[in-house]
Asker: 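What follows is a single structure, and I will ask about it in a moment.
These values consider heavy atoms only, across backbone and side chains, with no hydrogens, waters or symmetry-generated copies.
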Amino acid sequence: EEPVYLWTGLVDITNFFAIYQRQGTPPADRKPRVLDFGCGSGRIARYLNMHEAVEAFGVDANPLLVEWCQLNLDRVVTLLQAGRQRLPFGDGMFDFIYATSLFTGVAHNRMQQWFDEITRVLAPGGLLLAVTYGPFALNAIRTSAAHRATFRLTAARATELIEALPTEGRIHLPSEQSDTGDGFTFIHPDYPAANWNPEAFEVLQHISGGLRAWQDIVVLQRRIPEEAVE
C-alpha cells in the first residue's frame with residue numbers, strides 16, 4: 001500500500017543517516033556524496049531528494065524506474081546500470097553507499113562482482129550499509145504464516161535454515177523459490193567480516209533486525225590504504 005511504502009522509505013533513510021552520522025566521516029571540503037544502490041522507484045531516494053546537505057545519486061537496472069526517478073527527483077542524479085556492466089561512476093566517488101536489496105537475493109558470483117565495484121567507487125574511509133536477511137528474519141518467517149507464504153517456506157524448513165546458517169554462513173534459495181527473480185539469500189552475522197572483501201572492508205557493526213525489526217544492517221567501512229595513512 002502506498003502509505004506503508006512511503007512510510008518505510010522515510011523510516012529507512014532516517015535510520016541510515018543516523019548510522020552515517022555516528023560512524024561515518026563526512027568530507028571537510030564538500031558535501032558528502034551518497035549513492036542509493038538499487039534505488040528502484042525512489043522509495044528511499046525521494047527523501048534523499050529533499051536532503052540538501054548531500055550530493056545525491058541513484059542507480060538501478062530497471063530503465064522505467066530510472067526514468068521515473070530522473071523525471072521526478074531533480075536533486076538525485078539517477079543512472080541506469082544494466083546487466084554486468086561497471087557502475088557508471090568514477091573511482092572513489094562516494095562517501096556513503098546504502099543497498100537495501102542487493103545483498104538479499106543475488107547469487108554469490110554476482111555479489112562478489114558488486115563488491116568489487118562498490119570497492120572501486122567508495123572512497124577510502126567511506127561507509128557502506130548492506131541490508132541482509134539473517135537469523136532475525138528467519139525467526140520471523142518461522143513464526144509468521146504471512147512471511148512463510150511470501151518466502152514459500154514451511155516452519156520446519158525455516159527452522160532447518162536457522163540451524164544450518166551458523167555452519168553454512170550463507171544460504172541462497174534459488175529463483176524458483178521467489179517471485180523476485182534472484183531468489184533469497186540469508187547471511188549469518190559472522191559471514192561478512194570473513195567473506196566480503198575483508199582486505200578492502202572492515203565490518204564496524206552488525207545490527208540484527210536493524211531495518212524495521214525485520215532485516216539486518218551490516219555497517220562496513222572502506223579501509224584506508226596504509227600508504228595514505230603514513
Asker: Can any side-chain N or O of Arg75 pair as donor or acceptor with the backbone N or O of His51 at less than 3.5 Å?
Answerer: yes

Asker: Considering all heavy atoms of both residues, which atom of Ala158 and which atom of Ile141 are nearest to each other, and what is their separation?
Answerer: CB-CG2, 4.3 Å

Asker: Is a side-chain N or O of Gln81 found less than 3.5 angstrom from the main chain of Asp60, in a donor-acceptor match?
Answerer: no

Asker: CG/Leu122 to CG/Leu220 distance, rounded to the nearest 0.5 angstrom?
Answerer: 9.5 Å

Asker: Parallel under 30°, tilted from 30 to 60°, perpendicular over 60°: which one fits the rings of Phe186 and Phe184?
Answerer: tilted

Asker: Leu102 and side-chain contact (heavy atoms from CB on, under 4.5 Å): which partner among Ile97, Val131, Ile118?
Answerer: Ile118

Asker: Start with the C-alpha distance between Leu173 and Arg157, add both sets of side-chain angles, then the distance that settles side-chain contact (heavy atoms from CB on, under 4.5 Å), and finish with yes or no.
Answerer: CA-CA 12 Å; Leu173 304 182; Arg157 178 56 175 151; 4.2 Å; yes

Asker: Counting only N and O atoms by type, is there a donor-acceptor contact under 3.5 Å from the side chain of Asn49 to the main-chain atoms of Ala45?
Answerer: no

Asker: Please list all pairs passing the ring-ring contact (aromatic ring centres under 6.0 Å, His included) test where one or both residues lie in residues 21-47, with sequence neighbours left out.
Answerer: Phe37-Trp114

Asker: Checking Arg46 now: which residues fulfil side-chain hydrogen bond (donor to acceptor under 3.5 Å, both in side chains) with it, not counting sequence neighbours?
Answerer: none

Asker: With the 4.5 Å side-chain cut-off for hydrophobic clustering, are Ile19 and Phe136 part of the same group?
Answerer: no

Asker: Rounded to the nearest 0.5 Å, what separation is found between the CZ atom of Arg170 and the OH atom of Tyr191?
Answerer: 5.5 Å

Asker: Sub-3.5 Å donor-acceptor pair from the side chain of Thr104 to the main-chain atoms of Ser101, do we have one?
Answerer: yes

Asker: Mind telling me whether Trp196 and Phe115 have parallel, tilted or perpendicular rings, with 30° and 60° as the class edges?
Answerer: tilted

Asker: Can you tell me if Asn197 uses its side chain to pair, donor with acceptor, with the backbone of Glu199 under 3.5 Å?
Answerer: no

Asker: Identify the heavy atoms of Lys31 and Asp95 that sit nearest to each other, and give their distance.
Answerer: O-OD2, 4.2 Å

Asker: Side chains of residues 200-208: which donor-acceptor partners sit under 3.5 Å, not counting sequence neighbours?
Answerer:
residue: Gln205; atom: OE1; partner: Gln23; partner atom: NE2; Å: 2.6
residue: His206; atom: NE2; partner: Asp216; partner atom: OD2; Å: 3.3

Asker: I need the full list of salt bridge (charged side-chain N to carboxylate O under 4.0 Å, His left out) pairs touching residues 118-145, with sequence neighbours left out, sorted by first then second residue.
Answerer: Asp91-Arg120, Glu117-Arg120

Asker: Are Val76 and Leu87 in one and the same hydrophobic cluster, where Ile, Leu, Val, Met, Phe, Trp and Tyr link if side-chain heavy atoms are under 4.5 Å apart?
Answerer: no

Asker: For the residue pair Tyr20 and Pro26, what are the closest heavy atoms and their distance?
Answerer: OH-CA, 3.4 Å

Asker: Would you please test Asp12 and Arg212 for side-chain contact (heavy atoms from CB on, under 4.5 Å) and show each step?
Answerer: CA-CA 8 Å; Asp12 291 351; Arg212 287 176 273 112; 2.9 Å; yes

Asker: Does Thr119 offer a backbone N or O that forms a donor-acceptor pair with the side chain of Arg222 under 3.5 Å?
Answerer: yes

Asker: Work out which heavy atom in Asn62 is nearest to a heavy atom in Leu80; give both atom names and the distance.
Answerer: C-CD1, 4.0 Å

Asker: Roughly how far, to the nearest 0.5 Å, is CG of Asn15 from CG of Leu129?
Answerer: 8.5 Å

Asker: Starting at CD1 of Ile44, measure out to SG of Cys39 and round the result to the nearest 0.5 Å.
Answerer: 10.0 Å

Asker: Taking the six-membered ring for Trp, is the centroid-to-centroid distance between Phe103 and Tyr133 below 6.0 Å?
Answerer: no

Asker: Can you name the closest pair of heavy atoms from Val59 and Pro88 and give their distance?
Answerer: CG2-CD, 4.2 Å

Asker: Can Thr8 and Arg43 be counted as having a side-chain donor-acceptor contact under 3.5 angstrom?
Answerer: yes

Asker: Could I get the full list of ring pair (Phe, Tyr, Trp, His ring centres under 6.0 Å) partners for Phe16, not counting sequence neighbours?
Answerer: Tyr98

Asker: Run the numbers on Gln113 and Asp116 for side-chain contact (heavy atoms from CB on, under 4.5 Å), then give the verdict.
Answerer: CA-CA 5 Å; Gln113 175 199 6; Asp116 291 342; 5.5 Å; no

Asker: Linking I/L/V/M/F/W/Y whenever their side-chain heavy atoms sit closer than 4.5 Å, directly or via other members, would Leu73 and Met50 fall into one cluster?
Answerer: no

Asker: To the nearest 0.5 Å, how far apart are CD in Glu160 and CG in Leu138?
Answerer: 11.5 Å

Asker: Do the rings of Phe57 and Phe89 sit parallel, tilted or perpendicular, given the 30° and 60° boundaries?
Answerer: perpendicular

Asker: According to a 4.5 Å side-chain heavy-atom criterion applied to Ile, Leu, Val, Met, Phe, Trp and Tyr, with indirect links allowed, do Ile162 and Leu153 form part of one hydrophobic cluster?
Answerer: yes

Asker: Minimum heavy-atom separation for Cys69 and Ser41, please, with both atom names.
Answerer: SG-C, 4.0 Å

Asker: With hydrophobic residues grouped by side-chain heavy-atom distances under 4.5 Å, do Ile13 and Phe96 end up in a single group?
Answerer: yes

Asker: Can you tell me how far the CD1 atom of Ile171 sits from the CD1 atom of Ile187, to the nearest 0.5 Å?
Answerer: 11.0 Å

Asker: Is the backbone of Gly169 close enough, under 3.5 Å, to the side chain of Asp190 for a donor and an acceptor to pair up by distance?
Answerer: no

Asker: For Trp7, which fellow cluster members are found when Ile, Leu, Val, Met, Phe, Trp and Tyr are connected by side-chain heavy-atom distances below 4.5 angstrom, either directly or through intermediates?
Answerer: Val11

